[in-house]
Amino acid sequence: MENPLLLFPQLNISASKDKAYYKKSVIKEEPHKASKPGAKQKRNRLSLLLQRPEFHEGSHLGEAGNLTKAASVSPEEAVKWGESFDKLLSEKAGLDAFTKFLKTEFSEENIEFWIACEDYKKIKNANELLPKAKAIFETFIQKDAPKEVNLDFHTKEVTSQSMGQPVRSTFEAAQSTVYRLMEQDSYPRFLRSAPYLGLLQGRGPARAPLRRRSRSFTVNDFKGTRPNPALW
């Protein structure tokens with residue numbers, strides 16, 4: 001009797017299953033092999049990204065080197081910053097250095113408010129006073145403002161009452177209060193901070209004193225001498 005599998009090949013179920021399983025296994029293995037280089041490349045790219053210097057910029061604002069690089073000022077100019085708080089703010093580099101220092105203390109809203117008031121006083125078009133005054137008040141002065149500055153009740157009340165018809169002197173009282181606060185509190189800490197001291201030390205190392213060259217011994221110095229066994 002002939003083998004039924006030869007007469008009816010469609011009955012060879014085991015053979016078809018083996019072929020199908022082989023094909024499926026090949027399809028599954030190929031993407032798996034292709035995915036390995038892709039994942040490895042991603043890890044390599046991430047490693048290179050983390051090693052780049054620009055990836056770490058701004059992470060250590062309080063370090064002396066960062067402020068020295070950002071300010072780009074001479075030691076002589078930095079010395080002038082210590083003469084008075086007004087001298088510090090009158091120079092662009094000094095204002096920038098002080099702003100960076102306040103950011104390390106999370107109190108940059110004080111200098112930002114002071115700058116906003118300075119810009120407000122320079123407005124020439126009277127029609128721009130109201131919208132600019134409203135923006136300053138809502139940003140720095142009103143209760144729960146996003147960058148609320150520390151003002152006493154009387155100063156805040158006087159400023160609030162003048163918001164109906166603001167003039168160029170609307171924020172003078174509030175600006176003076178914040179100015180004194182920075183002058184008496186933040187400015188002394190800035191002068192004692194490592195970044196500022198680093199600028200002062202940029203004058204260069206002190207000249208080392210001259211040292212006399214030591215005299216070298218020669219063979220002639222030991223002629224005629226006898227060894228002392230007590231020193232052995």
Exercise answer: donor-acceptor pairs, residues 84-91 side-chain atoms, under 3.5 Å, sequence neighbours excluded:
residue	atom	partner	partner atom	Å
S84	OG	K87	N	3.1
S90	OG	D86	O	3.3
S90	OG	K87	O	2.8
E91	OE1	W81	NE1	3.1

Using residues 131-147 as the side-chain source, report each donor-acceptor pair under 3.5 Å to any protein atom, sequence neighbours left out, with the distance given to one decimal.
residue	atom	partner	partner atom	Å
T139	OG1	A135	O	2.6
K147	NZ	E112	OE1	2.8

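The minimum heavy-atom distance between G82 and Y196, with the atom names listed, is N-OH, 3.4 Å. Considering every non-hydrogen atom in both A93 and V73, the closest pair reads CB-CG1, 3.3 Å. For V178 against N110, the heavy-atom pair with the smallest separation is CG1-O, 3.6 Å. Minimum interatomic distance between R168 and K121 (heavy atoms only, all atoms of both residues): O-CG, 3.5 Å.
At least one side-chain heavy atom of H154 sits under 4.5 Å from a side-chain heavy atom of V158. Within the 4.5 Å cutoff, the side chain of E83 has heavy atoms near those of the K80 side chain.
D185 has a carboxylate O that lies under 4.0 Å from a charged side-chain N of R189, or vice versa, which qualifies the two as a salt bridge.
Considering NZ of K122 and NZ of K124, their distance stands at 10.5 Å, rounded to 0.5 Å. From N150, atom CG reaches atom CD of E148 across 8.5 Å, with rounding to the nearest 0.5 Å. Note: F101 CZ to I111 CD1 = 12.0 Å, rounded to the nearest 0.5 Å. Distance CZ/F98 to CG/L191: 9.0 Å, rounded to 0.5 Å. The CD atom of E76 sits 10.0 Å away from the CG atom of L200 when rounded to the nearest 0.5 Å. How far CD of E183 is from CZ of F190: 14.0 Å, rounded to the nearest 0.5 Å.
A search for side-chain contact (heavy atoms from CB on, under 4.5 Å) contacts involving V167 returns S169, T170, not counting sequence neighbours.
In the hydrophobic cluster analysis, where Ile, Leu, Val, Met, Phe, Trp and Tyr join through side-chain heavy atoms closer than 4.5 angstrom, L130 is grouped apart from M163. The cluster map of Ile, Leu, Val, Met, Phe, Trp and Tyr, joined by side-chain heavy atoms under 4.5 Å apart, puts L102 and L95 in the same cluster.
Within 6.0 Å of CG in D119 there are more than 12 heavy atoms belonging to other residues, nucleotides or ligands. Counting non-hydrogen atoms of neighbouring residues, nucleotides and ligands closer than 6.0 angstrom, the CD atom of Q165 reaches no more than 12 such neighbours.
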Worked check of side-chain contact (heavy atoms from CB on, under 4.5 Å) between T99 and K103: CA-CA 6 Å; T99 302; K103 287 182 179 180; 4.2 Å; yes

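A side-chain donor-acceptor contact under 3.5 Å links T159 to the backbone of T155.
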